[in-house]
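Below you'll find the structure, written out as structure tokens, and then a few comments.
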Amino acid sequence: MEIVIIRYLSGLILPGLLVLLFTRVTYNRIIGLVLTVALIAASVYKGYTNSFILIVVDALSLTAGFWLAAKMKPRTPKNG
């Protein structure tokens, strides 16, 4: 039972954080989203994501991360 709770909490938090991380690294939120979706697709293919509800939770987290990535302030170059 504890493992199920950990999977759902991880699915709720980690994909959104990955979108934010990849967006910050690549400076493009579309590429950040695509890279995260590719990682989730690989985990589904390998069998780590085994329920439809978990896929829906991942999708909700991806959507929230994509929205937050749009709200991030762009970096400004340092003067000097």
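These numbers come from a predicted model, not from an experiment.
Side-chain N or O atoms of T36 include one that pairs as donor or acceptor with a backbone N or O of G32 at under 3.5 Å.
Using a 4.5 Å heavy-atom cutoff, the side chains of N50 and R7 are in contact.
Follow the hydrophobic side-chain contacts under 4.5 Å out from V4 and you reach I53 in the same cluster. Cluster annotation: I30 and L62 are assigned to the same hydrophobic cluster (Ile/Leu/Val/Met/Phe/Trp/Tyr, side-chain heavy-atom contacts under 4.5 Å, transitive). When the side chains of ILVMFWY residues are joined at heavy-atom separations under 4.5 Å, either directly or via intervening members, L21 and L17 end up in two distinct hydrophobic clusters.
Taking both residues in full, the closest heavy atoms of A69 and V19 are given as CB-CG1, 4.5 Å, listed atom of the first, atom of the second, then distance. Heavy-atom minimum distance, L12 versus V57: N-CG1, 3.6 Å. Pairing each heavy atom of S61 with each of I13, the nearest pair is OG-O, 3.9 Å. The shortest heavy-atom contact between R29 and T23 is CA-OG1, 3.5 Å.
For I31, the side-chain contact (heavy atoms from CB on, under 4.5 Å) partners are T26, N28, L35, not counting sequence neighbours. Here T49 pairs with S43, V44, L54, I55, D58 under the side-chain contact (heavy atoms from CB on, under 4.5 Å) rule; sequence neighbours left out. For L39, the side-chain contact (heavy atoms from CB on, under 4.5 Å) partners two or more places apart in sequence, or in a different chain, are L18, F22. Annotation: side-chain hydrogen bond (donor to acceptor under 3.5 Å, both in side chains) contacts of T63 (sequence neighbours excluded): none.
Applying the side chain to side chain donor-acceptor pair (under 3.5 Å) test to residues at least two apart or on different chains, the pairs with a partner in residues 8-18 are Y8-S51.
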